[in-house]
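Reviewing the structure listed below.
No hydrogens, no waters, no symmetry mates; every other heavy atom, side chains included, goes into these values. In this chain, residues are counted from 1 in sequence order.
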Amino acid sequence: MMTKDYRLGDYKIMESGTGELRWEAHSGLGEITEGRCFTKGSILFIGPPEGRRDGFLKSEFIAHIKVFHNWLETKYYCKGFEIYHCKTGKKATKLEMLLWEPRRGIEGKGKRLPAESDMPLNATFIKKHLNLGRYRLQRYEITVKSNNQIVWKTHAGPNTFSGGTCTILEDILFLKLGQSEKAQLNKRQFLANLEKLPEWHQTAYYCPKLSLHECKIKNEMQHQRKRWSGKIKGTKNHAGKKGYKSRTLFELKAPDLSKKGVAFLSRLAKKWLSCAAGWIVSTVPIVFAYLIRLWKKFKGRWHNKAKRSSIHRRDD
């Protein structure tokens with residue numbers, strides 16, 4: 001079946017003919033990390049790494065994915081994979097995430113505000129679905145305020161609380177990391193007060209690590225960077241037309257040679273390290289066994305020599 005390839009920042013997103021989504025990214029020295037993607041409405045979730053293999057250098061990988069179309073099948077993407085059930089506190093399984101509702105495309109009706117804002121919820125959404133007050137969500141205290149904002153708080157140490165703001169999207173409450181502050185309540189008192197609050201049931205899931213990003217904004221930012229870099233290069237070329245031809249030839253050849261040289265050296269170093277590690281692993285037990293045998297041999301000789309000397313003394 002045909003596979004569609006997309007780019008999303010530094011990720012390569014691959015969609016199979018059956019609709020399965022996977023990702024690839026550069027990692028380490030000439031390595032590719034890969035894993036699975038999941039979608040829920042207007043969010044693409046980038047799952048945890050599932051394997052590594054030999055691949056490109058970073059510059060080669062970026063050049064490889066540059067020819068693909070931008071990923072605009074969802075409005076947002078999320079690097080975090082920590083999604084939990086509000087009711088039980090259990091983590092959502094891969095099978096469950098595969099059965100989530102399909103994506104709705106770039107024009108999906110997400111309720112989240114742009115990433116550069118403090119992510120307050122829409123005032124209309126709060127009035128329709130939420131009541132002002134405090135709620136209990138596992139070990140978190142969720143507060144719906146009158147200024148169209150939702151905040152969270154939890155115990156983080158001796159007389160210390162951590163807290164921040166929240167946003168809701170696709171039936172998931174995302175918790176944005178904030179600051180820690182001192183408090184007079186200890187952990188036992190905080191948990192006792194938490195038990196008195198009504199349970200949070202406005203969303204089915206929650207994510208303790210907010211890592212939502214807008215796909216369109218990221219792609220547009222990269223496009224702007226390319227435009228500015230193109231303008232800078234054009235200015236430099238215009239400033240020195242006399243040496244333009246020779247510099248162009250050199251710029252075309254030198255980077256290619258350097259990339260190939262670095263790639264060759266990195267692969268050679270990897271092979272050398274793997275051979276050296278294999279030699280050490282296979283040689284150390286043999287050397288150790290030989291030393292033990294040699295030690296036993298010398299010990300036996302020393303014992304026989306001592307025995308003979310004692311016999312000679314008795315004869316005298």
Side-chain angles (χ1 to χ4, degrees), residues 21 35-48 74-104 108-113 119-146 148-157 160-178 180 183 185-213:
L21 293 170
R36 184 177 290 183
C37 297
F38 307 88
T39 57
K40 183 171 174 57
S42 58
I43 309 176
L44 172 74
F45 290 91
I46 298 175
T74 59
K75 212 169 187 181
Y76 311 96
Y77 74 97
C78 180
K79 293 183 181 179
F81 195 67
E82 303 294 319
I83 308 296
Y84 299 89
H85 288 269
C86 291
K87 191 173 182 179
T88 62
K90 293 182 179 180
K91 190 174 181 180
T93 62
K94 290 184 179 180
L95 179 60
E96 180 183 357
M97 295 183 78
L98 285 171
L99 297 175
W100 276 348
E101 62 176 299
R103 57 184 182 272
R104 295 196 294 265
K109 298 178 181 179
K111 297 295 183 183
R112 180 177 169 272
L113 296 179
M119 296 187 185
L121 292 180
N122 187 283
T124 307
F125 183 83
I126 291 180
K127 290 178 181 178
K128 286 185 178 181
H129 303 282
L130 302 178
N131 294 321
L132 302 181
R134 297 186 300 160
Y135 299 87
R136 180 179 79 253
L137 175 59
Q138 301 303 322
R139 60 189 181 91
Y140 300 97
E141 178 184 305
I142 309 296
T143 305
V144 181
K145 295 187 173 182
S146 57
N148 303 327
Q149 192 179 46
I150 296 181
V151 298
W152 65 271
K153 181 171 65 173
T154 188
H155 188 269
T160 306
F161 289 152
S162 291
T165 57
C166 307
T167 188
I168 293 178
L169 180 64
E170 302 297 349
D171 207 18
I172 303 173
L173 178 70
F174 291 92
L175 279 62
K176 182 181 178 181
L177 183 61
S180 298
L185 296 178
N186 56 32
K187 185 175 182 179
R188 182 178 296 179
Q189 293 170 329
F190 174 78
L191 293 177
N193 292 339
L194 195 63
E195 285 296 322
K196 300 176 183 178
L197 300 178
E199 289 187 3
W200 172 268
H201 53 77
Q202 282 76 7
T203 59
Y205 303 93
Y206 73 96
C207 176
K209 295 180 181 179
L210 178 58
S211 55
L212 277 172
H213 306 276

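- Screening Trp100, Tyr84, Trp200 for a ring pair (Phe, Tyr, Trp, His ring centres under 6.0 Å) involving Tyr205 leaves a single residue, Trp100.
- Put simply, CD1 on Ile150 and CD1 on Ile168 are 4.5 Å apart, with the number rounded to the nearest 0.5 Å.
- The shortest distance between side-chain heavy atoms of His155 and Leu194 does not fall below 4.5 Å.
- Of the inter-residue distances, the one linking Leu98 atom CG with Thr39 atom OG1 reads 9.0 Å to the nearest 0.5 angstrom.
- Taking a 6.0 Å sphere around NZ of Lys87, one finds it holds 12 or fewer heavy atoms contributed by other residues, nucleotides or ligands.
- Listed here is the closest heavy atom pair of Met97 and Ile83: CE-CG1, 4.4 Å.
- The shortest non-hydrogen separation linking Leu175 to Cys166 is CG-SG, 4.2 Å.
- Considering all non-hydrogen atoms of both residues, Leu137 and Ile142 come closest at CB-CG1, 3.9 Å.
- Between atom CD of residue Gln202 and atom CG of residue Asp171 there is a gap of 10.5 Å, rounded to the nearest 0.5 Å.
- Between Leu169 and Phe174, the closest heavy-atom pair is O-CE1, 3.7 Å.
- A 4.5 Å side-chain heavy-atom check between Leu21 and Phe38 finds every atom pair outside the cut-off.
- Between the NZ atom of Lys187 and the OG1 atom of Thr160 there is a distance of 12.5 Å, given to the nearest 0.5 Å.
- A 6.0 Å sphere centred on CZ of Arg134 holds no more than 12 heavy atoms belonging to other residues, nucleotides or ligands.
- Side-chain atoms of Arg136 come within 3.5 Å of backbone atoms of Leu197 as a donor-acceptor pair (strictly under, hydrogens ignored).
- A distance of 5.5 Å separates NZ in Lys196 from CG in Asn193, rounded to the nearest 0.5 Å.
- Looking at Lys153 and Val151, their side chains never come closer than 4.5 Å, going by heavy atoms from C-beta outward.
- The two residues Lys40 and Ile172 come nearest to each other via the heavy atoms CD-CD1, 3.9 Å.
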Under the side chain to side chain contact (heavy atoms under 4.5 Å, CB included) criterion, do Glu96 and Lys90 qualify, and how do the steps go? CA-CA 12 Å; Glu96 180 183 357; Lys90 293 182 179 180; over 6 Å; no

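- Of the possible donor and acceptor atoms, none in the side chain of Ser42 sits under 3.5 Å from a partner among the backbone N and O of Lys75.
- Smallest separation of non-hydrogen atoms from Pro208 and Glu82: CD-O, 3.3 Å.
- Although no hydrogens or angles enter the test, the distance criterion places no donor-acceptor pair under 3.5 Å between the side chain of Glu195 and the main chain of Ala192.
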Could you walk me through whether Val144 and Asn131 pass the side chain to side chain contact (heavy atoms under 4.5 Å, CB included) test, one step at a time? CA-CA 7 Å; Val144 181; Asn131 294 321; over 6 Å; no

Apply the test side-chain hydrogen bond (donor to acceptor under 3.5 Å, both in side chains) to residues Ser162 and Ser180: give CA-CA distance (whole Å), side-chain angles for both, the deciding distance (0.1 Å), then the verdict. CA-CA 4 Å; Ser162 291; Ser180 298; 3.3 Å; yes

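- In this structure, the side chains of Glu170 and Tyr76 stay at 4.5 Å or more apart for every pair of heavy atoms.
- When each of Phe190, Phe161, Trp152 is paired with Tyr140, the ring pair (Phe, Tyr, Trp, His ring centres under 6.0 Å) condition holds for Trp152 and for no other.
- Taking CZ of Arg139 as the start and CD of Glu141 as the end, the distance is 13.5 Å to the nearest 0.5 Å.
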